[in-house]
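Side chains are part of it too, since the values below use all heavy atoms of this structure and drop only hydrogens, waters and symmetry mates.
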Amino acid sequence: MSDERVFATPPGVRLGPVGLIADGAARNFVLQLRAGRFHGFVVRRGDAVHGYVDRCPHMGLPLAQELDRYLTPDAELIACSWHSALFAIETGECVGGPCKGQRLTAWPVAVAEGQIVTA
């Protein structure tokens with residue numbers, strides 16, 4: 001197995017039950033794959049989940065400086081803790097900050113039979 005960083009995962013990887021993430025919260029996931037290590041996060045809103053690669057398009061840094069702290073205090077936007085970029089949860093589009101108009105790289109995830117899985 002490689003320690004290289006990868007930016008995609010195969011479909012069908014079970015991440016855990018949907019209840020693993022509180023409604024209106026986010027959670028970090030690190031997956032060790034043959035090709036390397038993947039870093040991503042999932043935001044839950046009700047029954048919907050939205051996944052993104054944990055990499056800000058502005059400087060290429062992970063978004064959270066503290067584990068699982070990806071959202072603004074009101075949980076309405078994803079926030080980069082380094083340079084205050086703000087992203088729409090549903091689309092990953094930067095709506096404020098130094099990378100306005102860019103977007104996070106989507107990490108396709110879904111809920112299947114109560115489990116969060118890669119899609």
Side-chain angles (χ1 to χ4, degrees):
M1 291 194 191
S2 172
D3 282 337
E4 293 293 317
R5 188 147 181 200
V6 296
F7 299 96
T9 60
V13 176
R14 288 182 181 227
L15 302 175
V18 72
L20 188 64
I21 305 171
D23 189 9
R27 183 174 177 122
N28 171 273
F29 291 90
V30 178
L31 305 176
Q32 181 64 52
L33 307 169
R34 284 189 196 133
R37 188 168 290 142
F38 173 84
H39 295 258
F41 66 97
V42 175
V43 180
R44 178 179 169 204
R45 281 205 160 161
D47 293 332
V49 291
H50 306 278
Y52 295 100
V53 173
D54 191 3
R55 187 170 193 248
C56 183
H58 173 233
M59 296 285 293
L61 297 169
L63 285 110
Q65 291 185 47
E66 293 181 44
L67 188 62
D68 300 335
R69 299 286 304 246
Y70 291 97
L71 303 179
T72 55
D74 63 4
E76 292 299 315
L77 295 167
I78 297 166
C80 178
S81 63
W82 296 98
H83 299 107
S84 303
L86 298 171
F87 304 88
I89 291 172
E90 291 80 10
T91 65
E93 181 181 353
C94 183
V95 296
C99 53
K100 191 165 179 162
Q102 293 180 298
R103 64 181 58 237
L104 298 171
T105 301
W107 177 31
V109 294
V111 176
E113 299 176 5
Q115 296 286 317
I116 302 170
V117 297
T118 59

Can you check whether [X] reaches [Y] side chain to side chain, under 4.5 Å on heavy atoms?
X: Val111; Y: Asp47; answer: no
X: Val117; Y: Val109; answer: no
X: Leu20; Y: Phe29; answer: yes
X: Glu90; Y: His50; answer: yes
X: Val42; Y: Arg27; answer: no
X: Leu31; Y: Leu15; answer: yes
X: Arg37; Y: Gln32; answer: yes
X: Phe87; Y: Pro57; answer: yes

### Trp82 and Met59: CA distance, side-chain angles, deciding distance, side chain to side chain contact (heavy atoms under 4.5 Å, CB included) verdict
CA-CA 9 Å; Trp82 296 98; Met59 296 285 293; over 6 Å; no
Would [X] and [Y] show up in the same hydrophobic cluster when neighbours are defined by side-chain heavy atoms closer than 4.5 Å?
X: Val13; Y: Val6; result: yes
X: Trp107; Y: Ile21; result: yes
X: Ile116; Y: Tyr52; result: no

For the student: nearest non-hydrogen atoms of [X] and [Y], plus distance:
X: Cys99; Y: Ala85; answer: SG-CB, 3.7 Å
X: Ala79; Y: Leu86; answer: CB-CD2, 3.8 Å
X: His83; Y: Pro98; answer: O-CD, 3.5 Å
X: Ala22; Y: Arg44; answer: O-CB, 3.9 Å
X: Pro11; Y: Ala119; answer: CB-C, 3.7 Å

### Query
Would you call Arg45 and Glu76 a salt bridge, using N to O less than 4.0 angstrom?
yes
### Message
I need the full list of salt bridge (charged side-chain N to carboxylate O under 4.0 Å, His left out) pairs touching residues 101-113, with sequence neighbours left out, sorted by first then second residue.
### Response
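Counting only pairs at least two positions apart or across chains, the salt bridge (charged side-chain N to carboxylate O under 4.0 Å, His left out) contacts touching residues 101-113 are Glu93-Arg103.
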Using modelled atom types only, decide if a donor and an acceptor are shared between the side chain of [X] and the backbone of [Y] within a distance under 3.5 Å.
X: Thr118; Y: Pro10; answer: yes
X: Gln115; Y: Arg14; answer: no
X: Asp68; Y: Asn28; answer: yes

### Message
Does atom CD (Gln65) have a neighbourhood of more than 12 heavy atoms from anything else shown, all under 6.0 Å?
### Response
yes
### Query
Between atom CG of Leu77 and atom CG of Leu71, what is the distance when rounded to the nearest 0.5 Å?
8.5 Å
### Member of Leu63, Thr105, Leu104, Leu61 meeting the side chain to side chain contact (heavy atoms under 4.5 Å, CB included) criterion with Asp54
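Output: one option passes, namely Leu63.
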### Query
Which class fits the ring pair Tyr70 and Phe41: parallel under 30°, tilted 30 to 60°, perpendicular over 60°?
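Taking Phe41 first and then Tyr70, their aromatic rings lie parallel (interplane angle under 30°).
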